[in-house]
Amino acid sequence: MVVCCGLAYWQWERFSTAGGSFQNLGYVFQWPLFGLFPAFMVWRLRKLDARRKAEEAAAAAAGDPDDAADEAVPEPVVAPSRPVVTVEPVRAPAHDDEDEELAAYNRMLAALNARDQR
């Protein structure tokens, strides 16, 4: 935290000079946050550990520690299933004046599209 505050002061000095920019001002606010984050994480982890220990103690006082272990595991959430609707592609007959190679290519594309839709 001390190092991060020192870096924030350094950025403030840079911002105060003629060559300073608003980026330096942003760092003035950012460095203290970097310094506070580890302290916040230590506090949060201790709080979670104390909560876990309290739950284990309550489960042990209730009698059966196996029940407490089962309650600690959340039930999986199952998303409702939606019906899959498939639509058959419209099959247009090839015209006699159409090129046979083009018609074969179009049939191949239609078959690939139908396969991808499944």
Side-chain angles (χ1 to χ4, degrees):
M1 179 65 184
V2 173
V3 171
C4 289
C5 286
L7 289 169
Y9 177 75
W10 170 62
Q11 288 295 329
W12 177 256
E13 291 297 317
R14 293 283 311 255
F15 174 70
S16 300
T17 63
S21 66
F22 284 106
Q23 183 177 9
N24 297 114
L25 183 61
Y27 286 137
V28 168
F29 297 114
Q30 187 177 2
W31 279 115
L33 292 176
F34 284 157
L36 287 174
F37 183 73
F40 168 75
M41 287 305 298
V42 167
W43 172 79
R44 179 73 175 147
L45 290 174
R46 285 185 179 174
K47 183 178 176 182
L48 290 174
D49 189 44
R51 182 185 299 169
R52 182 185 54 82
K53 287 180 181 177
E55 288 174 357
E56 288 176 358
D64 191 9
D66 291 334
D67 291 340
D70 292 339
E71 291 175 2
V73 177
E75 292 293 322
V77 178
V78 179
S81 62
R82 295 183 356 191
V84 178
V85 179
T86 59
V87 178
E88 292 296 321
V90 177
R91 308 230 184 249
H95 300 289
D96 290 337
D97 61 337
E98 189 176 22
D99 182 26
E100 185 60 32
E101 187 176 344
L102 179 61
Y105 180 72
N106 286 335
R107 284 191 299 273
M108 181 195 69
L109 289 177
L112 288 173
N113 184 36
R115 186 183 72 190
D116 287 343
Q117 296 300 320
R118 284 187 255 158

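What you see is a predicted model; the values in this text were computed from it and never measured.
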Does a salt bridge link Arg52 with Glu56, judged by any charged N lying under 4.0 Å from a carboxylate O? yes
Listed partners of Gln30 passing side-chain hydrogen bond (donor to acceptor under 3.5 Å, both in side chains), at least two apart: none
Scanning both residues in full, the closest heavy-atom pair of Val28 with Trp12 reads CG2-N, 3.3 Å
Once you round to the nearest 0.5 Å, how far does CG of Leu45 lie from CE of Met41? 4.5 Å
For Phe29, enumerate each residue passing the side-chain contact (heavy atoms from CB on, under 4.5 Å) test, keeping only those at least two apart in sequence or located in another chain. Leu25
Using a strict 4.0 Å threshold on nitrogen-to-oxygen distance, state whether Arg46 and Asp49 make a salt bridge. no
Donor-acceptor side-chain pairing of Tyr9 and Glu13 below 3.5 angstrom: yes
Over 60° means perpendicular and under 30° means parallel, so classify the ring planes of Phe40 and Trp43, tilted if in between. tilted
How many angstroms lie between CG in Asp99 and CG in Asn106, if you round to the nearest 0.5 Å? 10.0 Å
Nearest 0.5 Å, what's the CG-CZ distance between Leu102 and Arg107? 9.5 Å
Indicate if Val3 and Phe34 have the same hydrophobic cluster label, given that clusters are the connected sets of ILVMFWY residues with side-chain heavy-atom separations under 4.5 angstrom. yes
Are Leu7 and Leu36 co-members of a hydrophobic cluster defined by side-chain heavy atoms under 4.5 Å apart? no
